[in-house]
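To start, the structure under review is shown below, and the notes come after it.
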Amino acid sequence: MPTKLKGMESLKRTKIRDLIQSEEWGKEVTAKGWVRTKRESKNVVFITLNDGSTIHNLQVVLDAEVIREEVISRIHSGAALSVTGEIVRSLGAGQNMELKAHEVEILGEANPDEYPLQPKKHSLEFLREIAHLRFRTSTFGAITRVRHSMIFAIHKFFNDKGFYNIHTPIITASDAEGAGEMFRVTILDPVNPPRKEDGAVDYSHDFFGRPTNLTVSGQLEAELAALSMSDVYTFGPTFRAENSNTSRHLAEFWMIEPEMAFYDIHDNMDLAEEMLKFLVQYALDHCRDDLEFLSKRQQEEERQKKVEDRSPMELREKLMFVLDNAFERITYTEAIDVLQNSPYNRKNRFQFPVNRWGIDLQSEHERYLVEKHYRTPVIITDYPKQIKAFYMKVNDDDRTVRALDVLFPQIGEIIGGSQREERLDVLLRRMKEMNIPEKEMWWYLETRKFGTVPHSGFGLGFERLMLFITGMGNIRDVIPFPRTPQNAEF
RNA sequence: UCCCCAAUAGCUCAGCUGGUUAGAGCGAUUGACUGUUAAUCAAUAGGUCCCUGGUUCGAGUCCAGGUUGGGGAGCCA
């Protein structure tokens with residue numbers, strides 16, 4: 001316990017989230033935070049203070065006769081303050097209470113000539129360049145709080161359902177998952193690595209004695225756990241070294257991968273839909289003020305856009321819409337049928353015409369189904385086996401697999417998953433067909449050898465969920481420090 | 001990786017078919033005024049016109065290459 005100062009009791013700091021709801025007029029409190037704006041008058045100075053605990057700011061009132069001019073003149077946007085004073089009813093509009101300062105301590109100054117954040121709207125592109133400071137904006141404060149709530153809600157959802165969280169490895173030696181280019185993990189000298197006689201790099205001298213990479217998915221390891229613990233999920237970082245330059249891709253992102261024994265593809269779809277709805281409901285229940293701010297922000301941005309590019313629904317309306325409607329569940333074959341007979345296809349308005357069964361669906365096709373045809377989230381299942389991964393369960397027709405994609409408006413694929421192939425002979429055949437090295441996967445195959453059972457799972461891209469919940473348009477703005485090609489600053 | 005677009009003051013942007021000293025709003029500073037709400041009014045300061053090369057008497061402006069950013073596509077979550 002810190003020793004109390006004589007005469008002047010040191011007050012415990014109260015968070016602004018709690019302060020602004022207080023009606024304990026006359027109570028002495030201490031607030032700490034960062035200055036958003038300062039407005040000066042002859043006799044009185046107003047400071048809006050924010051400490052990240054809420055989207056709302058605390059109005060601090062400094063009486064020029066109480067607080068020394070020398071202190072007031074050093075307060076600028078961005079400065080950190082500790083303010084002790086009394087809670088009073090606000091005389092102005094815009095807030096119920098304000099803090100009448102008795103004492104102000106400047107914890108950290110901010111030079112106004114250099115501080116880049118101004119009390120005005122900044123472009124998201126500019127804020128990305130100052131990601132170390134963008135938490136101090138209302139927008140990123142809101143996003144950060146919503147992000148936390150979603151992380152928490154995900155763990156709550158699975159915990160309440162009796163799932164166990166599994167930490168799957170971040171460094172992996174298997175490169176057989178086929179989920180994209182990987183980042184190599186090595187301690188070998190890049191200029192002069194040890195070489196074998198044929199000139200190839202000799203990884204037996206590397207840290208693990210073999211080539212290793214950052215994980216592209218925790219699925220295979222999660223399957224191992226599920227085939228013993230029944231229901232498990234992972235929630236960890238995922239790395240893809242793809243040269244993807246879009247508003248929906250990151251080189252480092254977070255993924256939720258539940259894996260369930262005794263689930264078929266229908267159980268899998270039920271879980272995916274239930275989870276997404278739970279998360280949306282949680283956001284609506286727990287992030288009211290932040291969502292309201294983000295909604296207003298989005299509406300202002302929408303006004304700059306062309307009418308046809310505007311989203312038809314306001315943010316919270318869009319979230320409610322997901323809650324109120326059952327996701328449309330269709331097979332790939334049905335999707336092709338709808339697309340082939342669509343007026344869009346007949347009038348040749350697709351860049352990639354839909355002319356035969358077996359083609360991979362392009363994002364324009366997915367968007368048509370979700371935004372134009374069904375006008376609700378869509379789950380597509382039973383894709384041709386040629387365009388899907390080796391571990392997906394082959395259907396009796398031997399041409400489709402029990403894959404599932406959950407498609408959302410604007411975002412596209414938010415979830416990808418499948419029922420897994422549990423039959424050892426079929427799995428081995430599929431691996432041969434797709435040139436997956438059996439030898440490296442011996443541990444995966446043993447789960448099919450010893451007590452194999454039907455099981456299923458899926459992957460939810462956490463940042464894509466965040467795009468949907470916050471209404472933001474670029475995935476780089478829903479993660480604090482985005483990793484993209486040519487960018488690993490901060 | 002491919003296609004398209006952009007880069008000018010701290011920020012957002014204007015700058016025409018190449019032509020003298022490159023502008024505005026916001027922000028900052030100073031002053032005035034005021035229980036203010038991104039306060040208001042006035043004045044002041046503030047520029048490697050992204051980089052390299054080329055065309056030209058002359059390039060912020062035209063051309064080539066590059067860098068960075070944005071939108072779209074592919075890959076996917």
Side-chain angles (χ1 to χ4, degrees), chain A residues 36-48 56-64 73 76-78 88-95 98 100 110-130 137-138 177-181 216-219 237-257 272 304-305 309 350-352 360-367 387-389 405-408 411-417 458-468 473-477 479 484-487 489:
Chain A
R36 288 284 170 86
T37 60
K38 176 171 95 165
R39 294 178 295 277
E40 258 179 301
S41 294
K42 193 175 234 169
N43 306 313
V44 69
V45 178
F46 298 96
I47 287 166
T48 50
H56 303 292
N57 300 318
L58 173 70
Q59 170 150 278
V60 176
V61 186
L62 309 185
D63 191 325
S73 68
H76 299 281
S77 290
V88 297
R89 231 181 253 279
S90 182
L91 300 175
Q95 61 280 317
E98 59 196 25
K100 192 174 171 190
N111 183 341
D113 291 330
E114 293 174 51
Y115 189 64
L117 287 172
Q118 299 162 10
K120 66 169 214 175
K121 220 175 180 69
H122 287 293
S123 69
L124 294 169
E125 290 85 355
F126 172 66
L127 292 174
R128 261 170 238 153
E129 291 168 15
I130 51 165
T137 63
S138 298
E177 287 150 60
E181 291 294 312
V216 292
S217 163
Q219 180 200 316
T238 310
F239 308 89
R240 305 267 167 98
E242 296 287 346
N243 194 6
S244 296
N245 292 287
T246 81
S247 53
R248 302 183 309 282
H249 290 86
L250 291 165
E252 177 182 292
F253 63 99
W254 291 72
M255 189 155 63
I256 298 103
E257 294 178 288
Q304 322 278 329
K305 291 189 193 166
D309 292 340
F350 286 130
Q351 198 190 332
F352 299 91
D360 210 348
L361 296 180
Q362 306 290 320
S363 48
E364 60 172 347
H365 304 141
E366 296 176 348
R367 291 191 66 158
I387 58 173
K388 288 291 178 183
D405 283 359
V406 180
L407 308 179
F408 262 37
I411 291 142
E413 190 180 336
I414 194 168
I415 281 179
F458 60 81
L460 168 70
F462 182 61
E463 283 76 18
R464 292 205 179 158
L465 172 77
M466 282 295 296
L467 283 179
F468 185 73
N474 193 313
I475 202 160
R476 293 165 194 138
D477 297 328
I479 188 168
T484 52
Q486 301 302 315
N487 182 20
E489 191 72 55

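Letters A, B, ... are given to chains in the order of the sequence lines, protein chains preceding strands, and every chain is numbered from 1.
- Side-chain atoms of A:Ser244 stay outside donor-acceptor range of the base of B:C76, with no qualifying N/O pair under 3.5 Å.
- With sequence neighbours excluded, no residue forms a side chain to side chain donor-acceptor pair (under 3.5 Å) with A:His76.
- In this view, A:Lys120 satisfies the salt bridge (Lys or Arg N to Asp or Glu O under 4.0 Å) rule with no residue, not counting sequence neighbours.
- Counting any heavy atom pair closer than 4.0 Å across all strands shown, A:Glu114 reaches no nucleic acid atom.
- Looking at residues two or more places apart in sequence or on another chain, you find a salt bridge (Lys or Arg N to Asp or Glu O under 4.0 Å) between A:Lys388 and A:Asp405.
- One cannot find a donor-acceptor pair under 3.5 Å joining the base of B:U36 and the side-chain atoms of A:Glu40.
- Counting only heavy atoms from C-beta on, A:Ser41 has its side chain closest to B:U34 among B:A39, B:C75, B:U34.
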Nucleotide by nucleotide, 5' to 3', does protein get under 4.0 Å of the base (B), only the sugar-phosphate (S), or neither (-) in nucleotides 2-10 of chain B, counting heavy atoms? --------B
Check nucleotides 43-51 of chain B against the protein and report each pair of N or O atoms closer than 3.5 Å, with its distance, or say if there are none.
none

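- A:Gln351 comes within 4.0 angstrom of nothing in the nucleic acid, heavy atoms only.
- In this view, A:Asp113 satisfies the side chain to side chain donor-acceptor pair (under 3.5 Å) rule with no residue, not counting sequence neighbours.
- With sequence neighbours excluded, the residues that form a side-chain contact (heavy atoms from CB on, under 4.5 Å) with A:Gln59 are A:Arg39, A:Phe46, A:Val61, A:Ser90, A:Gln95, A:Glu98.
- Partners of A:Arg89 under the salt bridge (Lys or Arg N to Asp or Glu O under 4.0 Å) rule, at least two apart in sequence or in another chain, do not exist in this structure.
- Judged as a ring pair (Phe, Tyr, Trp, His ring centres under 6.0 Å), and not counting sequence neighbours, the contacts of A:Phe462 are A:Phe235.
- Inter-residue side-chain proximity for A:Pro485 and A:Glu242 is flagged as unmet; no heavy-atom pair is nearer than 4.5 Å.
- For B:C11, the base has no donor-acceptor partner in the side chain of A:His122 [N/O atoms by modelled type, under 3.5 angstrom].
- With sequence neighbours left out, the side chain to side chain donor-acceptor pair (under 3.5 Å) criterion links A:Asn43 to no other residue.
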Both distances under 3.5 Å, Watson-Crick or G-U wobble: on that basis, could you give the dot-bracket string for RNA chain B, with [ ] for crossing pairs and | for other-strand partners? (((((((..((((.....[...)))).(((((.......))))).....(((((..]....))))))))))))....
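- Residue side chain A:Glu242 does not reach the base of B:U1 through any donor-acceptor N/O pair under 3.5 Å, judged by distance alone.
- Within a 6.0 Å sphere centred on NZ of A:Lys38, other residues, nucleotides and ligands contribute more than 12 heavy atoms.
- Residues satisfying the salt bridge (Lys or Arg N to Asp or Glu O under 4.0 Å) test with A:Glu257, not counting sequence neighbours, are none.
- Among the protein residues, A:Ile256 comes within range of no part of the nucleic acid, since none of its heavy atoms lies under 4.0 Å from any strand.
- Nearest to the side-chain atoms of A:Glu98 among the listed nucleotides B:G35, B:U68, B:A77 stands B:G35.
- Nucleotides B:A45 and B:G10, compared at atom P, are 16 Å apart to the nearest Å.
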